[in-house]
Amino acid sequence: MCCRRFFLFFLLLGANMAHALDYRSVSVPVAIFYDAPSAQGEKLYLVREGTPLEVLVQIEGWTKVRDAEGTIAWIERGALSLRRTAIVISNQAEVRKSANDDAPIVFTAEKWLILDLLEDSPPGWAKVRHRDGAGGFVRLGKVWGL
């Protein structure tokens, strides 16, 4: 019975860990997506600085990632940063003064705009800042990288 509880505990722990998403952002002006974890792999396309990427696998010097469009590729680990960013995935996203749909709009962000993620936010919202310094709250469904 004791072994069964122990096994169940680790099974549940592993399931919870599997749902924890790990994000990084591109830390260099332009990074290359490869089809394999090697500089000799096929170059798929370029990714700009600040782009958020979901980490899937890490091996020596390389990280397998997924971008906001669902593309899975390899990137050199040195091209990634712990800095958290989000990218607008809807045509427009209203950034509001507070986490409330009735709050005044600070600015409207266009699709593919990269925003810095700030501290924890109320459920359903992300606190963000534009590179020009303007900041506020955006609905989670409007951005990717969280």
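Numbers here simply count residues along the sequence, with the first being 1.
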So how far is it from [X] [atom1] to [Y] [atom2], rounded to the nearest 0.5 Å?
| X | Y | atom1 | atom2 | value |
| --- | --- | --- | --- | --- |
| Ile87 | Glu69 | CD1 | CD | 8.0 Å |
| Tyr23 | Leu80 | OH | CG | 14.0 Å |
| Leu115 | Lys142 | CG | NZ | 13.5 Å |
| Thr108 | Asn91 | OG1 | CG | 12.5 Å |

*asked:* Are Arg24 and Ile75 packed together at the side-chain level, in the sense that at least one heavy-atom pair is separated by less than 4.5 angstrom?
replied: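 SC-SC contact between Arg24 and Ile75 ruled out.
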*Heavy atoms, side chains only, cut-off 4.5 Å: are Lys43 and Phe33 in contact?*
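No. Closest side-chain heavy atoms not under 4.5 Å.
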*Which pair of non-hydrogen atoms, one from Gln92 and one from Glu110, has the smallest distance, and what is that distance?*
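Minimum heavy-atom contact is NE2-OE2, 3.1 Å.
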*asked:* I need the minimum non-hydrogen distance between Ala68 and Trp112, along with the two atoms involved.
replied: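 Taking every non-hydrogen atom into account, CB-CZ3, 4.1 Å.
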Any donor-acceptor pair under 3.5 Å linking the side chain of [X] with the backbone of [Y]?
| X | Y | answer |
| --- | --- | --- |
| Thr85 | Ile114 | no |
| Arg96 | Asp101 | yes |
| Ser81 | Ser25 | no |
| Asp35 | Glu42 | yes |

Inspect the surroundings of [atom1] in [X] and state if more than 12 heavy atoms from other residues, nucleotides or ligands are less than 6.0 Å away.
| X | atom1 | answer |
| --- | --- | --- |
| Lys97 | NZ | no |
| Asp132 | CG | yes |
| Arg84 | CZ | yes |

_Tell me which one of Val128, Val88, Leu113 satisfies side-chain contact (heavy atoms from CB on, under 4.5 Å) with Val95._
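The side-chain contact (heavy atoms from CB on, under 4.5 Å) with Val95 is passed solely by Val128 among Val128, Val88, Leu113.
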_Consider side-chain contact (heavy atoms from CB on, under 4.5 Å). Of Val47, Leu53, Val26, which one does Asp67 pass it with?_
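Exactly one candidate clears the test, Leu53.
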Applying the 4.5 Å side-chain criterion to the ILVMFWY set and letting contacts propagate, would [X] and [Y] be lumped into a single cluster?
| X | Y | value |
| --- | --- | --- |
| Val106 | Leu140 | yes |
| Phe107 | Val143 | yes |
| Ile32 | Val57 | yes |
| Ile89 | Leu21 | yes |
| Val28 | Leu44 | yes |

_side chain to side chain contact (heavy atoms under 4.5 Å, CB included) between Phe137 and Lys127, intermediate numbers included_ = CA-CA 4 Å; Phe137 294 84; Lys127 188 171 184 181; 3.7 Å; yes
*State which residues pass ring-ring contact (aromatic ring centres under 6.0 Å, His included) with Trp74; sequence neighbours excluded, sorted by chain then number.*
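Residues passing ring-ring contact (aromatic ring centres under 6.0 Å, His included) with Trp74: none at all.
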*With side chain to side chain contact (heavy atoms under 4.5 Å, CB included) as the test, would you mind laying out the steps for Glu76 and Trp62 before giving the verdict?*
CA-CA 5 Å; Glu76 292 183 77; Trp62 293 88; 3.3 Å; yes
*asked:* Can you pull out every ring-ring contact (aromatic ring centres under 6.0 Å, His included) where at least one residue sits in residues 80-101? Sequence neighbours excluded, please.
replied: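 Non-adjacent pairs meeting ring-ring contact (aromatic ring centres under 6.0 Å, His included): zero.
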*For Arg83, which residues count as a salt bridge (charged side-chain N to carboxylate O under 4.0 Å, His left out) partner, sequence neighbours excluded?*
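Arg83: salt bridge (charged side-chain N to carboxylate O under 4.0 Å, His left out) contacts with Asp116.
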